[in-house]
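In what follows, a single structure is set out as structure tokens and then discussed.
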Amino acid sequence: MTNREKYNQAFKHIFTVKDAVLNEDFSILNIEKWDSVAHMGLISELEEAFDIMFDTDDIINFTSYTCGIDLLKKYGIEL
């Protein structure tokens with residue numbers, strides 16, 4: 001499984017969505033299901049999938065699909 005597939009899998013599992021909706025418009029502002037519980041579930045899945053630990057500021061600033069891609073780069077993970 002590629003890093004992008006792992007990343008998408010976390011979103012699909014937490015938000016029960018298809019790959020087609022995972023784009024720059026997929027954000028905390030546009031997705032009703034993206035509440036605090038879903039947010040922490042997503043963070044947890046990504047930390048496990050990529051064997052990383054997000055710092056607090058990154059957890060707070062993780063507000064969209066594309067933002068998450070940029071944040072993972074900070075941890076040396078290329079999608």
Side-chain angles (χ1 to χ4, degrees):
M1 186 178 289
T2 68
N3 284 343
R4 179 64 68 132
E5 289 169 334
K6 286 190 224 178
Y7 184 68
N8 287 353
Q9 186 63 35
F11 275 85
K12 292 188 307 188
H13 178 249
I14 295 298
F15 299 108
T16 336
V17 295
K18 304 257 186 227
D19 282 317
V21 301
L22 298 176
N23 58 43
E24 64 276 351
D25 293 326
F26 198 94
S27 79
I28 199 165
L29 299 174
N30 300 332
I31 305 302
E32 191 173 310
K33 290 182 181 180
W34 197 328
D35 59 13
S36 60
V37 173
H39 186 77
M40 292 313 296
L42 178 63
I43 295 297
S44 177
E45 287 219 14
L46 291 171
E47 287 179 335
E48 185 174 322
F50 294 106
D51 195 28
I52 58 171
M53 183 75 110
F54 286 110
D55 67 34
T56 304
D57 287 337
D58 290 338
I59 293 170
I60 293 167
N61 293 322
F62 195 129
T63 58
S64 72
Y65 178 80
T66 53
C67 174
I69 293 170
D70 293 336
L71 284 174
L72 285 174
K73 289 178 185 175
K74 174 182 171 182
Y75 294 88
I77 298 162
E78 293 293 327
L79 304 181

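All residue numbers refer to positions in the sequence shown, counting from 1.
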Checklist entry - Under the 3.5 angstrom rule, does the side chain of Glu45 hit a backbone N or O of Phe11 as a donor-acceptor pair? => result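 No; zero donor-acceptor contacts below 3.5 Å.
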
Next on the checklist: Checking the side chain of Asn8 only, and the main-chain atoms of Asp19 only, is there a donor and an acceptor separated by less than 3.5 Å?
Outcome noted: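 Checking the backbone N and O of Asp19 against the side chain of Asn8, no donor-acceptor pair under 3.5 Å is found.
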
Got a second to check how far [X]'s [atom1] is from [Y]'s [atom2], nearest 0.5 Å?
X: Lys6; Y: Leu72; atom1: NZ; atom2: CG; value: 10.5 Å
X: Glu78; Y: Thr2; atom1: CD; atom2: OG1; value: 13.0 Å
X: Asp51; Y: Leu46; atom1: CG; atom2: CG; value: 12.5 Å

Next on the checklist: Among Ile59, Asp57, Thr63, which residue satisfies the side chain to side chain contact (heavy atoms under 4.5 Å, CB included) criterion with Asn61?
Outcome noted: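 When Ile59, Asp57, Thr63 are each tested with Asn61, the side chain to side chain contact (heavy atoms under 4.5 Å, CB included) holds only for Asp57.
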
Which atom of [X] lies closest to which atom of [Y], heavy atoms considered:
X: Phe26; Y: Val21; result: CD1-O, 3.5 Å
X: His39; Y: Trp34; result: ND1-NE1, 3.0 Å
X: Tyr7; Y: Ile69; result: OH-N, 3.3 Å
X: Val17; Y: Lys12; result: O-CG, 3.2 Å
X: Glu47; Y: Phe54; result: OE2-N, 2.9 Å

Next on the checklist: Looking at Glu48, I want to see if its CD is surrounded by more than 12 non-hydrogen atoms of other residues, nucleotides or ligands under 6.0 Å.
Outcome noted: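 At most 12 heavy atoms, drawn from other residues, nucleotides or ligands, come within 6.0 Å of this atom.
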
Checklist entry - Between Tyr75 and Phe50, does the ring centre distance come in under 6.0 Å? => result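 Ring centres of Phe50 and Tyr75 not closer than 6.0 Å.
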
